[in-house]
Amino acid sequence: MARLLHSATISIFVLLVVGRCSNAVLTEAEVFWRTALPDSPLPDPIVKLLHPETSSVVNKQPKDDDTVAEAYSLTWLMWGLRSPSAPTTKHSNTAAETSLVNKPKDDYTAAEAFSLTWLMWGLRSPSAPPKQPSSPSRPSRAGRDHSADEYLAKGLFFHEDLVQVGKTLTLYFPVAASAPLGLLPRRVADAIPFSASSLPATLARLGIANDSAQAAAMEETLYMCELPQKAGEAAKFCATSLEALVEGSMAALGTRRIRPVTSGLPRSGAPKQPYTVRAVHPVDGASFVSCHDHDYPYTVYMCHNTPSTRAYMVELEGARSALAVTVAAICHADTSSWNAEHVSFRILGTKPGGAPVCHYLPYGHNLWVNMEANRSSS
């Protein structure tokens, strides 16, 4: 049975590649989108993931274990959890900044986006000790390097009072996350086991070495997806296909009337610099689902719905490069359940339950808005 499923999966992959040679032919996921969300254009980051052969950034691979360790930093930071058994000592910002600035562009890949996810979650870390990696030679979560966390967080978090025309934000935009296979068709994604217990079989099926950095990144993703819903979260789920992403967001928001919001950012990233706010457009609605893409051979989104959240579309202009971007910014008004040691509090000088904590959505991440709530309030 396993051999038959493996052969079927390979056959589907071949058909997928052949079918993607012509962008004129809609994928099944694109047909689904037009049916489920006829009034919403398909965001460009999702289009690129549905056609990964057109994307040089998506096809880039992490080159070494240091890159994957860097990825862990941004992911833990974005979800706001401290890595299990993470050291609490302060690190040199200068060293962390030098490490990132001097790193060749190809080495950014999914590394930073992986850690950004943890940064943006903003909830308390699990009290239970982390599970042991399935291979003694695989990098351990507990041994992850946190030296870049604060540098990266300083380019991610900001106060809500800065979301005003004329204010200046210092931000850093990482390169798009790496997902060589892009967004798989649902039938393909559903045929691949997605659990920590089945990871060895998945690695064998995808031809990934058990002791590789990619295997460690996949283990981290599965670990995060299997964490239970936390206090302060109205919903949490992981999606391995576009259909699962849309339907999961609809279920979390309790309506089929939803629309996506994404940041208009360069896929190749941009260095940290001051940006002046040129315009601010509040996103109507008080109910949102945030989805963050994660490091895996194919695209995996981790999504959560937190109450007491405000969202904005913010037009920015860079001070040095004159780069003009529009970012989706999310402000969490209730941080009472967040980890008190979370780096955002140290950077912003706040504490759990204090002033709102805001962050932007990196390229490829998406926000889902409950349009039903907007209609009932109008």
### Message
Would Y363 and T262 count as a side-chain contact (heavy atoms from CB on, under 4.5 Å) here? Give the steps.
### Response
CA-CA 8 Å; Y363 180 94; T262 59; over 6 Å; no
### Message
Given L50, which partner from the list L184, L183, L26 fulfils the side chain to side chain contact (heavy atoms under 4.5 Å, CB included) test?
### Response
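Only match with L50 under side chain to side chain contact (heavy atoms under 4.5 Å, CB included): L183.
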### Query
Taking S249 as the fixed residue, which of T255, I258, L367 is the one that meets the side chain to side chain contact (heavy atoms under 4.5 Å, CB included) rule?
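So the option named by the test is I258.
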Check whether any side-chain N or O of [X] sits under 3.5 Å from a backbone N or O of [Y] as a donor-acceptor pair, and report yes or no.
{"X": "S263", "Y": "L361", "value": "yes"}
{"X": "S40", "Y": "L37", "value": "no"}
{"X": "D293", "Y": "V300", "value": "no"}
{"X": "S290", "Y": "H304", "value": "no"}
{"X": "Q273", "Y": "R320", "value": "yes"}
{"X": "T202", "Y": "P193", "value": "yes"}
{"X": "K236", "Y": "C225", "value": "yes"}
{"X": "E226", "Y": "A196", "value": "yes"}
{"X": "H359", "Y": "A329", "value": "no"}
{"X": "K154", "Y": "Y172", "value": "no"}

Note: [X]-[Y] ion pair, threshold 4.0 Å (strictly below):
{"X": "E243", "Y": "R186", "result": "no"}
{"X": "R256", "Y": "E372", "result": "no"}
{"X": "E341", "Y": "R346", "result": "no"}

State, yes or no, whether a side-chain contact exists between [X] and [Y] at a heavy-atom distance under 4.5 Å.
{"X": "M218", "Y": "P297", "value": "yes"}
{"X": "H332", "Y": "T306", "value": "yes"}
{"X": "W368", "Y": "C291", "value": "yes"}

### Task
Could you label the plane-to-plane angle of the F173 and Y360 rings as parallel, tilted or perpendicular, counting under 30° as parallel and over 60° as perpendicular?
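Correct class here is perpendicular.
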#### Entry: Parallel, tilted or perpendicular: ring planes of F157 versus H342, cut at 30 and 60 degrees
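Rings of F157 and H342: perpendicular, as their planes differ by over 60°.
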### Task
Report yes if the SG atoms of C238 and C303 are separated by under 2.5 Å, and no otherwise.
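With an SG-SG separation of 2.5 Å or more, C238 and C303 do not form a disulfide.
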### Query
Does the side chain of E315 come under 3.5 Å of the side chain of H281 through a donor N or O and an acceptor N or O?
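Looking only at side-chain atoms, H281 and E315 do form a donor-acceptor pair, the distance falling under 3.5 Å.
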Measuring from atom [atom1] of [X] to atom [atom2] of [Y], what distance do you get when rounded to the nearest 0.5 angstrom?
{"X": "L199", "Y": "E219", "atom1": "CG", "atom2": "CD", "result": "6.5 Å"}
{"X": "F288", "Y": "N370", "atom1": "CZ", "atom2": "CG", "result": "9.0 Å"}
{"X": "K167", "Y": "R278", "atom1": "NZ", "atom2": "CZ", "result": "14.0 Å"}
{"X": "F158", "Y": "T168", "atom1": "CZ", "atom2": "OG1", "result": "13.0 Å"}
{"X": "L206", "Y": "Q214", "atom1": "CG", "atom2": "CD", "result": "9.0 Å"}

### Query
Hey, is CZ on R34 packed in by over 12 heavy atoms from elsewhere, all under 6.0 Å?
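No, because the 6.0 Å sphere around CZ of R34 holds 12 heavy atoms or fewer from other groups.
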### Query
Less than 6.0 Å separating the ring centroids of Y301 and Y296?
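No, the ring centres sit 6.0 Å or more apart.
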